[in-house]
Asks: 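Let me give you the structure first, and then I'll get to my questions.
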2 protein chains.
Amino acid sequence: MSPDRLSVVFAALADPTRREILVQLSHGSRSVTELAAPHAMSLPAISKHLRVLERSGLIARERAAQWRPCRLQAAPLKEAVDWIGQYRRHWEERLDRLDDYLQELQAKSGQPTRRKSRAS
Amino acid sequence: MSPDRLSVVFAALADPTRREILVQLSHGSRSVTELAAPHAMSLPAISKHLRVLERSGLIARERAAQWRPCRLQAAPLKEAVDWIGQYRRHWEERLDRLDDYLQELQAKSGQPTRRKSRAS
DNA sequence: TTTGTAATTAACCAAAAGGTTAAATAGGAA
DNA sequence: TTCCTATTTAACCTTTTGGTTAATTACAAA
C-alpha cells in the first residue's frame with residue numbers, strides 16, 4: 001500500500017548504516033565502494049541501502065564511467081524536520097511541568113481523560 | 001542487536017498510524033480506545049503501535065482504573081530533530097547550486113570522486 | 001580481444017513488522 | 001458474585017527488511 005513520502009523518509013533514517021552513509025555524503029559525492037569501505041558488510045548490502053536511500057529521495061546517483069557516484073539530496077530532511085517541528089513547543093519552554101500537572105488533574109477526575117474542553 | 005535509540009525513534013515515526021497517534025496525543029492525554037477510534041484497525045493492532053511508541057520513549061502510560069491513558073513524551077523528538085539538524089545547511093542557503101557545480105566538476109575530472117582536498 | 005574493476009541482480013534466508021481473531025486479565029458496577 | 005468495559009496477550013499469517021554468496025552487467029585499459 002504505497003506508503004507516504006514521510007514514512008519512507010523516516011524508514012530510511014531508521015538504520016544506523018544508512019544514517020552513516022548520509023554523514024559520509026554530507027562531505028561530498030562518493031562512489032559506492034568508497035561508501036562501503038567503513039562498513040562491515042558486503043557490497044550488495046550497501047547497494048541495497050543505497051537503493052532505499054534513493055527511493056526515499058535522500059540521495060541521487062550519477063554515472064561516471066563505471067562508477068555511480070552518490071550525492072546527498074537534503075530536501076526530504078526538511079520535510080521530516082518540519083513534521084517533527086509541530087511538537088517543538090512540547091519539548092521547549094519548560095511547559096512540561098504545567099502539562100504534567102494538567103494530565104494529572106485529568107487522570108484523577110473520574111472519566112478516562114477527554115479533550116481539553118471537557119477537562120474543567 | 002540492540003538498535004540505537006535514534007533508530008528506534010525514527011522507526012517509530014516511520015508509520016502513518018503512529019504519527020497520527022502522536023498528533024492525537026499532542027492535544028492531551030488519551031485512552032487506548034479513544035486513540036483507536038479514528039483508525040480502521042483492531043484494538044490489538046493499536047495496542048502494538050502503542051507499545052512501539054512506548055519503547056521509543058515517545059509516549060508514557062499511566063494507570064487510571066481500567067484505563068491506561070497515554071501521553072506524549074516529546075524529548076526523543078528533539079534528539080531526532082537535532083540529528084537531522086546537521087544537514088540544515090544542505091537544504092538552506094541556496095548553496096545547492098554551488099554544490100551541484102562542484103559535484104559536476106569532480107565527476108568529470110577523471111577519478112571517481114574523492115574528498116574535497118583532492119578535488120582541485 | 002582479454003582482463004580487471006565497479007556495481008547491480010538473483011536467489012536465498014532469518015528475523016522483524018504489521019495485521020488478524022480468539023482468549024485472558026484487570027477493575028468498576030450491579 | 002456476576003457482568004461489563006478496557007486493554008493486553010497468544011497464536012497465527014503475510015510481507016518487508018537486512019543480510020549473505022554467486023552470477024551478471026558495464027566500462028576502461030592493456
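Chain identifiers are assigned alphabetically (A, B, ...) following the order of the sequence lines, protein sequences preceding nucleic acid strands; residue numbering begins at 1 within each chain.
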Asks: Which of the following nucleotides, dG19(C), dT8(C), dG18(D), is nearest to the side chain of D15(A)?
Replies: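 Among the listed nucleotides, the one closest to the side chain of D15(A) is dG18(D).
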
Asks: Of the nucleotides dA11(C), dT8(C), dG19(C), which has the atom closest to the V32(A) side chain?
Replies: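 Shortest atom-to-atom distance from the side chain points to dT8(C).
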
Asks: In whole angstrom, what separates F10(B)'s CZ from dA17(C)'s P?
Replies: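 Taking atom P of dA17(C) as the reference, CZ of F10(B) is at 17 Å.
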
Asks: Among dT8(C), dT20(D), dG27(C), which nucleotide sits nearest the side chain of M41(A)?
Replies: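 Within the option list, the nearest is dT20(D).
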
Asks: Between P on dA17(C) and CD1 on I46(B), what's the gap in Å once rounded to a whole number?
Replies: 17 Å

Asks: Looking for any heavy atom pair under 4.0 Å, which part of the strands does A45(A) touch: base, sugar-phosphate only, or nothing?
Replies: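 Counting heavy atoms under 4.0 Å across all strands, the contact made by A45(A) includes a base.
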
Asks: Is S47(B) reaching over with its side chain to a backbone N or O of P44(B), donor-acceptor style, under 3.5 angstrom?
Replies: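 Checking the backbone N and O of P44(B) against the side chain of S47(B), no donor-acceptor pair under 3.5 Å is found.
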
Asks: Find which nucleotide of DNA chain C each of R63(B) and S47(A) is nearest to by heavy atoms, and output the residue with the more 5' nucleotide.
Replies: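 So the residue in question is S47(A).
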
Asks: Calculate the interatomic distance between L43(A) atom CG and dT24(D) atom P; express it in whole Å.
Replies: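 That distance rounds to 18 Å.
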
Asks: Determine: side-chain N/O of R61(B) to OP1/OP2 of dT8(D), distance under 4.0 Å, yes or no.
Replies: yes

Asks: So, is H49(B) close to the dG19(C) phosphate, meaning a side-chain N or O under 4.0 Å from OP1 or OP2?
Replies: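 Affirmative; the distance criterion is met.
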
Asks: With a 4.0 Å cut-off on N to O distance, would you call E62(B) and R68(B) a salt bridge?
Replies: no

Asks: Check this for me: does any side-chain nitrogen of one of D15(B) and R19(B) sit under 4.0 Å from a carboxylate oxygen of the other?
Replies: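 Not counted as a salt bridge, because no side-chain N and carboxylate O are separated by less than 4.0 Å.
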
Asks: Can a salt bridge be assigned to the pair R5(B) and E79(B) using a cut-off of 4.0 Å between side-chain N and carboxylate O?
Replies: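 Yes.
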
Asks: Taking the side chain of K48(B) as heavy atoms from C-beta outward, which of dT8(C), dG28(C), dT20(C) is closest to it?
Replies: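 Of the candidates, dT20(C) comes closest.
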
Asks: Could you state the atom-to-atom distance from CG of L13(B) to P of dA17(C) in whole Å?
Replies: 14 Å

Asks: Take the protein atom CD of E34(B) and the nucleotide atom C1' of dT5(D), then report the distance between them rounded to whole Å.
Replies: 14 Å

Asks: Can you tell me how far P of dA26(C) sits from CD of E62(B), to the nearest Å?
Replies: 19 Å

Asks: Between NE2 of H39(A) and CD of Q24(A), what distance do you get to the nearest 0.5 Å?
Replies: 4.0 Å

Asks: If you only use heavy atoms from C-beta on, which nucleotide in dG19(C), dT20(D), dA28(D) is closest to the side chain of P44(A)?
Replies: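 Given the options dG19(C), dT20(D), dA28(D), the side chain of P44(A) is closest to dT20(D).
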
Asks: Nearest-Å distance, CZ (R51(B)) to C1' (dA10(D))?
Replies: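 Going from CZ in R51(B) over to C1' in dA10(D) covers 12 Å.
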
Asks: In whole Å, what is the span from the CZ atom of R19(B) to the P atom of dG18(C)?
Replies: 11 Å

Asks: Of S42(A) and R68(A), whose nearest nucleotide on DNA chain D comes first from the 5' end?
Replies: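 Taking each residue's closest nucleotide, the earlier one in sequence belongs to S42(A).
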
